[in-house]
Protein chains: 2
Amino acid sequence: MLSKKTKYGLKALAHLASLPNREPVQIAEISKQEQISQKFLESILLTLRRTGFLGSKKGKGGGYYLIKDAKDIQMTAVMRVLEGPIAMVPCVSLNFYEKCEDCPDEATCSVNKLMLKVRDANLEVYRNTTLQDLIS
Amino acid sequence: MLSKKTKYGLKALAHLASLPNREPVQIAEISKQEQISQKFLESILLTLRRTGFLGSKKGKGGGYYLIKDAKDIQMTAVMRVLEGPIAMVPCVSLNFYEKCEDCPDEATCSVNKLMLKVRDANLEVYRNTTLQDLIS
DNA sequence: GTAATCCCTACTAAATCTATAGGGTAATAT
DNA sequence: ATATTACCCTATAGATTTAGTAGGGATTAC
């Protein structure tokens, strides 16, 4: 299940990407238009700023704006930041690899086999999808 | 994240599929070999029996056994029973479709767009993978 | 200075996951 | 028959995660 955090984060990014320019947009504005709890959205946008997707401007007339072109923002990066590892088990994760305690041998593990395929399929999608592809 | 329920269920199915015949195997045996809490495994196997993957035999010499050939068991079916819907959001689910309350229009929703691709990629994997493919 | 706006930490209610407890029921070997 | 084995079923509880809420602090435009 996709978390609301990811869902809201994606919607916010798409919202910003669909604007003609990169003027700062206030949290309240996005929150209202996308029907998201303002305080929750606040923490999500903060995360997206810290991880390099957004810039922000304080004070009156401030808000958040995209730092890069929408076509240069891959879903792999967005999903990892918002949803966490793309792999469904740590033993097939590229960026967060961990051995399973209970699994004696990955090479013969049925779960590993299946989840490896799933990870590859998902990576393929996320790598080939940019923020730009989600708006239009 | 893959739930332990699914992980254990897959391991149990693979365990049964890797045996030369379809003699009943006791819960305790699977539990021990695959390092799974016996009581938890018990409830998982029960689910798999109720949903038509396993048969069981009571009394001495009893246990669980596969009802169908491993090559005839698609991962789509297994995953739906153990992990739930394959789609990450209900609005792109084939079997559990639900409209999002907060989303005015699916056709222009960025989350919908992305999750549709992800669902298709995952379905492709699960449809083309059988239990037989996981043992080798 | 003041109002607007983002920044940050801590806390909490609810849901979900991962079991565990404790028996009940059916089948089998003898 | 009876003891034994093993599956069948419900309820509950601890741990973790999710989805917020509360409350104030810092910065900027005017």
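A note on names: the letters A, B, ... follow the listed sequences, proteins ahead of strands, and every chain is numbered from 1. Just so we're clear, the structure is a prediction, and the values are computed from it rather than from any experiment.
Look at B:Y8 and you won't find any side-chain N or O under 4.0 angstrom from OP1 or OP2 of C:dT18. Taking 4.0 angstrom as the limit, A:S3 places none of its side-chain polar atoms (N or O) nearer than this to OP1 or OP2 of D:dT17. Remark: A:R49 is not in phosphate contact with C:dC6, judged by side-chain N or O atoms under 4.0 Å from OP1 or OP2. A:R50 has no side-chain polar atom (N or O) that falls below the 4.0 Å cut-off from OP1 or OP2 of C:dC6. In this model, the phosphate group of D:dA6 is not approached by any side-chain N or O of B:S56 to a distance below 4.0 Å at OP1 or OP2. At the phosphate of D:dA6, neither OP1 nor OP2 sits under 4.0 Å from any side-chain N or O atom of B:Y64.
Closest to the side chain of A:E42, out of D:dC9, C:dA19, C:dC7, is C:dC7. Among the nucleotides C:dC6, C:dA21, D:dA19, the one closest to the side chain of B:K39 is C:dA21. Considering only side-chain atoms of B:K60, the nucleotide from C:dA29, D:dA29, D:dG20 that sits closest is C:dA29.
Following rounding to the nearest Å, A:L16 (CG) and C:dC6 (C1') show an atom-to-atom distance of 14 Å. One can place CG of B:L46 at 15 Å from P of C:dT25, the figure rounded to the nearest angstrom. At whole-Å resolution of the value, CD in A:E83 and P in D:dT17 are 13 Å apart. Between the CD1 atom of B:I36 and the P atom of C:dT18 there is a distance of 13 Å, rounded to whole Å. One interatomic measurement links the two molecules: CG of A:L2 to C1' of D:dT18, which rounds to 13 Å at whole-angstrom precision. Computed from coordinates, the B:K5 NZ to D:dA15 P distance equals 22 Å when rounded to whole Å. In this structure, the NZ atom of A:K58 is 14 Å from the P atom of D:dG25, given to the nearest Å. Counting to the nearest Å, the P atom of C:dC6 and the CG atom of A:L54 are 12 Å from each other.
Across all strands, B:L45 comes closer than 4.0 Å to no nucleic acid atom at all (heavy-atom distances). Looking at heavy-atom distances under 4.0 Å, A:K4 makes contact with sugar-phosphate atoms alone, never a base.
Proximity of a side-chain donor or acceptor of B:T130 to a complementary backbone N or O of B:I73 within less than 3.5 Å is not detected. For B:T129 (side chain) and B:Y126 (main-chain N/O), no donor-acceptor pair under 3.5 Å exists by modelled atom type.
Separating the NZ atom in A:K11 from the CG atom in B:D102 is a distance of 4.5 Å, to the nearest 0.5 Å.
Heavy atoms only, all atoms of each residue included: B:F96 and B:R80 are closest at CE1-CD, 4.5 Å.
Where A:G59 and A:T6 each meet DNA chain D at their nearest nucleotide, the meeting point lying more 5' is that of A:T6. Residues A:Q26 and B:Q38 each lie close to DNA chain C; by heavy-atom proximity, the contact nearer the 5' end of the strand is made by A:Q26.
Between B:S3 and B:E83, the side chains place a donor N or O and an acceptor N or O closer than 3.5 Å (distance only, hydrogens not considered).
Between B:R127 and B:D120, none of the side-chain N atoms (NZ, or NE/NH1/NH2) sits under 4.0 Å from a carboxylate O, so this pair counts as no salt bridge.
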